[in-house]
There are 2 protein chains.
Amino acid sequence: MGARVTMRDVAQAVGMSPMTVSRALREDRTVNAKTRARVRQVADELGYVYDSTAQAFRTQKSGFVAVTLPSVNNANFAETFRALTNGLGAAGLQLLLGSTNYRVEREEELVRQLLTRNPEALVLTGGHHTDEMRKLVQARDLPVIEMWDLPEDPLGHVVGFSNGDAMAHIVNHLVATGRRKLAFVGASEGADMRGAVRRAGVVASARAHGLPEVAMIDAGPAPVSMRHGAAVIEAIGRNVAQYDALVCVSDPVAFGCLSAAQRMGLRVPDDLAITGFGHFEVAKVSNPQITTVNVQADDIGRQVVDLLQGIFDGEVSEPVRVDVGSALVVGETS
Amino acid sequence: MGARVTMRDVAQAVGMSPMTVSRALREDRTVNAKTRARVRQVADELGYVYDSTAQAFRTQKSGFVAVTLPSVNNANFAETFRALTNGLGAAGLQLLLGSTNYRVEREEELVRQLLTRNPEALVLTGGHHTDEMRKLVQARDLPVIEMWDLPEDPLGHVVGFSNGDAMAHIVNHLVATGRRKLAFVGASEGADMRGAVRRAGVVASARAHGLPEVAMIDAGPAPVSMRHGAAVIEAIGRNVAQYDALVCVSDPVAFGCLSAAQRMGLRVPDDLAITGFGHFEVAKVSNPQITTVNVQADDIGRQVVDLLQGIFDGEVSEPVRVDVGSALVVGETS
DNA sequence: TTGAAAGCGTTACCAC
DNA sequence: GTGGTAACGCTTTCAA
């Protein structure tokens, strides 16, 4: 393996200038069709591989879109990421992914790193950021989209839904079906803002209905999933039936609670209602099916793609705010 | 927002050369401590952001490691990805992710794209590649690791396990517990090599035990998940109990089958055993717990990180082959 | 239809 | 301890 093959090498081999090779490889029509074909062929023979780094450097366009997610190990976020990858990939853009592991502080460091790569846009999950992070982003002339939330004071564009409203759907439904003593099952109070906002949404909605204070069941530090839901309900035991309904922060947690409740002989929803969040696959396949809220993770991704395309095409001047909404999906656990 | 702030601007503001600024920002000890501090401060004041693109260009080191995955929307692959991100992030490396969407042909195009970014290593999921793809990779002097498989003819290093052996664990276990009429539930024959290898593993293992031919239950094109498993069993109906055991390509599929079987009143494992693959969370939390194979997705990620570190430190000369193995996890569905 | 020159921001290498 | 020079591979711009 000698030194890397560059356009100059290809040019030499074809007996033309690097400039012509550059144009030929980009299928520039001002280059003679025959020349183009020959250049292509010689490039292949020499094993030439285009260098995006050099291109990004010269043109000052990286071809990157930076994305932050709490975690890729969550079917909802993974679905949004998939939609982004596919949509932006078609436009020749490559995603640069950073995971915050559900910690707001981590976001700042992450974005700082991502920005050094000169992304052409920044897509953030959630609307809670440190002040430093806000400065960092606003100092740059860079399209920013916050998704999965509807922040009061957005950094730029927004594609999301109201976590509070979404939880209100659940509480309204539970109240309508006669439940009053609610318990919220979620992660410990801490750095996970999404969970905190959902919890607050349940509390506010319960108050509005005049329900007794919502009990808090702590399933451990974020991220919480199936096993944490199951473990915390096992720990509480049959005593958990003192509540009318468990309002869970997500479907996986709800499934864990459901499974544990069933194992200890509780009947769901007769003894206890259980609700989830996010319309994960497990909610539809579980037995009974879990009442949940659909937030359309893939739709969020697609809307972000559309918005970015509009931005890159110069069709978007004002900050855009898209509310994708959320919808109650009544299952068999309530 | 004027033109971007470069080292030259910082240098001018401090009254020194760009070279000194470069060194100062990299904490080069040959630069006076006082100077270093002043440079840092001025850089911050001016809102200077380091340009990795220029660095990557100049040093010919991108700081990227390219990774291909069938999909990030799979808890196992997501877990491996998380381990890679965390491990390599600590070493200052950024992951560049490409998804094949379970199609081998897609891999070639993807790798071609990823290579233009000058990654310092290439991590591929699976050991099945097109010939073009093999050439592409071998033409470059680039560390390559295939993971999640133990290919006969590897491209470079390998960190994985034998899908055939893993399925043999399942079949051995089923035979030992008296099952003989097996059906394999997986994706349609097609571009998903992993599924095909698992299917072949079951067939071979069943033959070795002298079992009747394994029935094939087609859950649709890859990727198949919970809902596909549920749907195909619903379509078959109670007739599915003609088999002793459903050997599923993954835990989510197994959970779908389990759920559908339960809904139609079949008793698992009395009427029918069901096994999964991958030790997903749902296998442990479901009710009954699903018999599965643990392949330690996070361990694969960590081993790849260790191997890459060894490679970058120049401690690895020969191609390495790590078999992380797989272990039967007996649940309550068999 | 093709080519020459210049430069994107950084750092290796040498000089002082 | 600090600075000048050159170069990484590509493309924009202008000229032929």
* Within the structure, does a side-chain N or O atom of T59(A) lie under 4.0 Å from either OP1 or OP2 of dT11(D)? ->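 False: T59(A) side-chain N/O out of range (4.0 Å or more) of dT11(D) OP1/OP2.
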
Distance test, side-chain N/O of Y48(A) to OP1/OP2 of dC10(D), below 4.0 Å:
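Indeed, a polar side-chain atom of Y48(A) lies that close.
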
Is it true that [X] and [Y] have a side-chain N and a carboxylate O under 4.0 angstrom from each other?
X       : Y       : answer
R134(B) : D131(B) : no
K135(B) : E132(B) : yes
E146(B) : R321(B) : no

If I take atom [atom1] in residue [X] and atom [atom2] in nucleotide [N], what distance separates them, rounded to the nearest angstrom?
X      : N       : atom1 : atom2 : result
N32(B) : dG3(D)  : CG    : P     : 11 Å
R29(B) : dT2(D)  : CZ    : C1'   : 18 Å
R8(A)  : dC8(D)  : CZ    : C1'   : 10 Å
R4(A)  : dG9(D)  : CZ    : C1'   : 8 Å
R23(A) : dT13(D) : CZ    : P     : 12 Å

Only distances under 3.5 Å count here; give the side-chain donor-acceptor pairs of residues 62-74 of chain A to other protein atoms, sequence neighbours excluded, each with its distance to 0.1 Å.
{"unit_1": "S62(A)", "atom_1": "OG", "unit_2": "F64(A)", "atom_2": "N", "d": "3.1"}
{"unit_1": "S62(A)", "atom_1": "OG", "unit_2": "N118(A)", "atom_2": "O", "d": "2.5"}
{"unit_1": "T68(A)", "atom_1": "OG1", "unit_2": "T125(A)", "atom_2": "N", "d": "3.4"}
{"unit_1": "S71(A)", "atom_1": "OG", "unit_2": "N73(A)", "atom_2": "N", "d": "2.8"}
{"unit_1": "N73(A)", "atom_1": "ND2", "unit_2": "E79(B)", "atom_2": "OE1", "d": "2.8"}
{"unit_1": "N74(A)", "atom_1": "OD1", "unit_2": "N76(A)", "atom_2": "N", "d": "2.8"}
{"unit_1": "N74(A)", "atom_1": "OD1", "unit_2": "F77(A)", "atom_2": "N", "d": "3.1"}

- Task: Would you check if there is a donor-acceptor pair between the side chains of T30(B) and D28(B) at a distance under 3.5 Å?
- Result: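 Judged by distance alone, the side chains do pair up.
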
Between E108(A) and H129(A): side-chain donor-acceptor atoms closer than 3.5 Å:
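No donor-acceptor contact under 3.5 Å links the two side chains.
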
Notebook entry, point to check: Do you know which two heavy atoms are closest between L142(B) and P119(B), and how far apart they sit?
Noted result: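 Between these two residues, the closest heavy atoms are CD1-O, 3.0 Å.
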
- Message: Using a 4.0 Å cut-off to any heavy atom of chain B, which nucleotides of DNA chain C are the first and last in contact, reading 5' to 3'?
- Response: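 It runs dG9(C) to dC13(C).
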
Name the nucleic acid region contacted by T53(B), choosing base, sugar-phosphate or nothing; use a 4.0 angstrom heavy-atom cut-off, strictly under.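 Touches nothing.
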
**Request:** Could you tell me whether T30(B) contacts a base, only the sugar-phosphate backbone, or nothing, with contacts defined as non-hydrogen atoms closer than 4.0 Å?
**Result:**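 Counting heavy atoms under 4.0 Å across all strands, the contact made by T30(B) includes a base.
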
| Relative to the 5' end of DNA chain D, which residue comes earlier, A54(B) or P18(B), by the nucleotide with the nearest heavy atom? |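 Nearest nucleotide further toward 5': that of P18(B).
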
inquiry  = With nearest nucleotide decided by heavy atoms, which residue, T6(A) or M19(B), maps closer to the 5′ end of DNA chain D?
reply    =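 Nearest nucleotide further toward 5': that of M19(B).
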
